[in-house]
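Input: a single structure, listed below in structure tokens.
Per chain, numbering begins at 1; letters A, B, ... match sequence-line order.
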Number of protein chains: 2
Amino acid sequence: MQTYRRDIMAIGIKDIARLAGVSTATVSRALSHPGRVSPETRAQVMAVVEEHDYRVNSFARSLRVRRADAVLALVPNLGNPFFSEIIAGIQDGLTPAGLDLLVTDSLSQQARRQSPVTHLQAARADGLICLDGALPAGILDDLAASDVAGRVVFACEWPDGRGFPVVRSDNRAGMALAVQHLVGLGHRDFALLTGPEGNVLTRERREGAEAALAQAGLSLPPSRIAGGSFEIRDGFRAAGDLMRMPSRPTAILCSSDQLAIGCISGLSELGVRVPQDVSVVGFDDIALAAYSRPPLTTIRQDRRRLGRIAAERLLSSLSGKPLAETLTTLPVEIVVRRSTAAAPAG
Amino acid sequence: MQTYRRDIMAIGIKDIARLAGVSTATVSRALSHPGRVSPETRAQVMAVVEEHDYRVNSFARSLRVRRADAVLALVPNLGNPFFSEIIAGIQDGLTPAGLDLLVTDSLSQQARRQSPVTHLQAARADGLICLDGALPAGILDDLAASDVAGRVVFACEWPDGRGFPVVRSDNRAGMALAVQHLVGLGHRDFALLTGPEGNVLTRERREGAEAALAQAGLSLPPSRIAGGSFEIRDGFRAAGDLMRMPSRPTAILCSSDQLAIGCISGLSELGVRVPQDVSVVGFDDIALAAYSRPPLTTIRQDRRRLGRIAAERLLSSLSGKPLAETLTTLPVEIVVRRSTAAAPAG
DNA sequence: AGAAAAAATGTAATCCTTTACATGCAAACC
DNA sequence: GGTTTGCATGTAAAGGATTACATTTTTTCT
């Protein structure tokens, strides 16, 4: 329990009013609606404001105007650097509108046994951008409740069949691009490294891969599917599992760059050469992808843009504009580097 | 300019009071000081609160108690994943105390032409954890002003000679560890990849390297110092520069893992083998370090712990406890992997 | 010049809680 | 039994801004 108390406001609007010889209403107007006071008065007020370095108390202001001018971003796990770029994009989208950004992760929310909805209900944030598609049903019910409807958008990940507005990358198309690239190089024998069970991205990327393979007359037997998280270490582990199989794939589709890098690391340990023996493609195009050894062929998704668009969507939803479309799908592209090559003969 | 306005609070303390048949004072006490109301009354109030899912309006509350229950973290650049782990640590430190976390980066602060001090003065946050050691002098002056004194702590980076409380890793010792390791492997010819000019970490790590080399009777001529940022691409570039020199170093000290990974990537492009021809050591031990090729020998700093301790320091400073020490230096350790080996003969 | 319209400013209510102080009432004491 | 003490609760005053409405001053128009 906190016990401190700060004299946060040394000086208030009343003091400014007194010093400038006007009423508090005029001070308020001079600051928020400069056009509605005479130039002389404004100058006079501003001089006093500057001199004393006065700032409006945002609590009093928010209380009165019933607006927080802040948005909450909920990340599954703050420690995961994957999200930082999206957060930066959200910040980009919020800054021009003058909104602040609050950040929490699902883990610490649970630790405090509170739902992100609390923040909305407690009026601390005007809206929520949720990067966690795996929220418990109870929380999703809360989010769907009328009093927060129109104040939530999901980005990157999303929960199924709930009808929330979503901004995401085209995960299916991404995997299709990867498959087409590899098929073009003569690969016929594929494996897939998936993300965590139950995750939407895992599912979409798997389905995208399967659809594109089917199109090429190929299929993905269960024995060729490994993974279980987006983390490096599971890519490393999965590489081992895959190579222990009697027949080996020549191409490995990874659901994240981290998986791909771990996978390549694991393959190297086993003496398997990338791309001569096995081609590997990642997903995301994180900064390191271009500099790992070998440089990683991957699917680029513009995470920063994704964050920015999510923020913009939320903003327009907050200002009452109906959303043109509830599902926004951003294009992805393939970046061919050197972790993929023609399938080995035989 | 925002124009929306939300009926953020559907239901207020007055409604709860009416429905429970008590006064607002009693409702408030039932929620914040449960011991000060009779068990029956409390149960009755709680029932109504639960039923209507009431949350106190945090603005009204903060206005009254003059406390935000939130802390602002200022990052140089939100897009840089290096900071995510520190942020997670800060969250860890804040959560038990029930404080929220606001995040901004220096870039968007500048874009909005406002200083982080604004947030403190506007009472939006009780304290500031600053991860940016390169703030302009004007802002540092503001931070040093009496009304925010005791509400700021620097973490990871810090400004020089200002006397702010700082939590940091032992950068000098880290570099010394790296040098000793390499000297032990027979290396005599060193190069250093530095971070951005003017950065404290750049300076501390350079000085640490130079001191440790001096101790071993070695030195670092200016021609052996390259870099200029912590980014991968500069590591890549610097590798090229270094290898174009008439005589080549056998060991490269990098001021970040990103530099090291870029450097190894650049060396590989040039056909220089790591660690057979050149040993490379990084700094930070980011997640990828263990899985890059070759796995990176590096200096581990516990970023999460650093964030947590910074948060705890701030918290105790906010509650008026005088800080035992203004400078907290966390230990680092060397993690030997496979990017370092005995110096090549001759 | 006088009336009407527009602009500038002021007064005071309002946003929602918390909490100092007052009140009432029951238990504890001598 | 009559004070004293202590608990449970209520009343009402902050807390610092915004803004509807009222008022005054200035401009514009005929």
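- Within the 4.0 Å cut-off from OP1 or OP2 of C/dC16, not a single side-chain nitrogen or oxygen of B/Tyr54 is found.
- Looking at heavy-atom distances under 4.0 Å, A/Ser58 makes no contact with the nucleic acid at all.
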Just the table, please: protein N/O against nucleotides 13-15 of chain C N/O, every pair under 3.5 Å.
residue	atom	partner	partner atom	Å
C/dT14	O2	A/Arg64	NH1	3.0

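- Note: CZ (B/Arg124) to P (D/dG15) measures 22 Å, nearest angstrom.
- Of the two residues contacting DNA chain D, namely B/Val37 and B/Arg61, the nearest-nucleotide position lying further toward the 5' end is that of B/Val37.
- Within the nucleic acid shown, B/Ser62 has no heavy atom closer than 4.0 Å to any nucleic acid atom.
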Sequence neighbours left out, cut at 3.5 Å: what donor-acceptor pairs do the side chains of residues 14-21 of chain A make with other protein atoms?
residue	atom	partner	partner atom	Å
A/Asp15	OD1	A/Arg18	NH2	2.8
A/Asp15	OD2	A/Gly12	N	2.7

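- Listed by chain and number, the residues in a side chain to side chain contact (heavy atoms under 4.5 Å, CB included) with A/Gln91 are A/Thr95, A/Leu101, B/Leu78, B/Thr104, B/Asp105, B/Ser108, B/Arg112 (sequence neighbours excluded).
- Atom CD1 of B/Ile11 and atom C1' of C/dC16 are 13 Å apart (whole Å).
- Checked against salt bridge (Lys or Arg N to Asp or Glu O under 4.0 Å), A/Arg304 has the following partners two or more places apart in sequence or in another chain: A/Asp92.
- Partners of B/Asn199 under the side chain to side chain contact (heavy atoms under 4.5 Å, CB included) rule, at least two apart in sequence or in another chain, are B/Glu157, B/Pro196, B/Leu201, B/Thr202, B/Phe230.
- Considering NE2 of A/His52 and CD1 of A/Ile11, their distance stands at 4.5 Å, rounded to 0.5 Å.
- Using a 4.0 Å cut-off, some side-chain N or O of A/His33 falls inside it from OP1 or OP2 of D/dT19.
- The distance from atom CD1 of B/Ile13 to atom C1' of C/dT19 is 11 Å, rounded to the nearest whole Å.
- For the helix from C/dA1-D/dT30 to C/dC30-D/dG1, the rotation axes defined at the first and last 5 base pairs enclose an angle of 30°, given to the nearest 10°.
- Rounded to whole Å, atom P of D/dT18 lies 11 Å from atom CG of A/Asp69.
- The CZ atom of B/Arg42 sits 14 Å away from the P atom of D/dC7 (whole-angstrom rounding).
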Filtered N/O pairs between nucleotides 22-27 of chain D and protein, under 3.5 Å:
none

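- For A/Glu325, the side chain to side chain contact (heavy atoms under 4.5 Å, CB included) partners at least two apart in sequence or on another chain are A/Arg313, A/Thr328.
- Legend: residues meeting side chain to side chain donor-acceptor pair (under 3.5 Å) with B/Thr26, ordered by chain and number and at least two apart, are B/Ser23.
- Applying the salt bridge (charged side-chain N to carboxylate O under 4.0 Å, His left out) rule to pairs touching residues 24-37 of chain A yields nothing, sequence neighbours excluded.
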Check the pair B/Asp126, B/Arg66 against salt bridge (Lys or Arg N to Asp or Glu O under 4.0 Å), reporting the backbone distance first and the verdict last.
-> CA-CA 9 Å; B/Asp126 298 320; B/Arg66 315 180 110 243; over 6 Å; no
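- Note on B/Ser38: a side-chain N or O is less than 4.0 Å away from OP1 or OP2 of D/dT9.
- Partners of B/Asn77 by side chain to side chain donor-acceptor pair (under 3.5 Å), not counting sequence neighbours: none found.
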Could you go through nucleotides 10-12 of chain C and list every protein N or O atom that sits under 3.5 Å from one of its N or O atoms, giving the distance for each pair?
residue	atom	partner	partner atom	Å
C/dG10	OP2	A/Ser23	N	2.8
C/dG10	OP2	A/Ser23	OG	3.0
C/dG10	OP2	A/Thr26	OG1	2.7
C/dG10	N7	A/Arg29	NH2	2.8
C/dG10	O6	A/Arg29	NH1	3.2

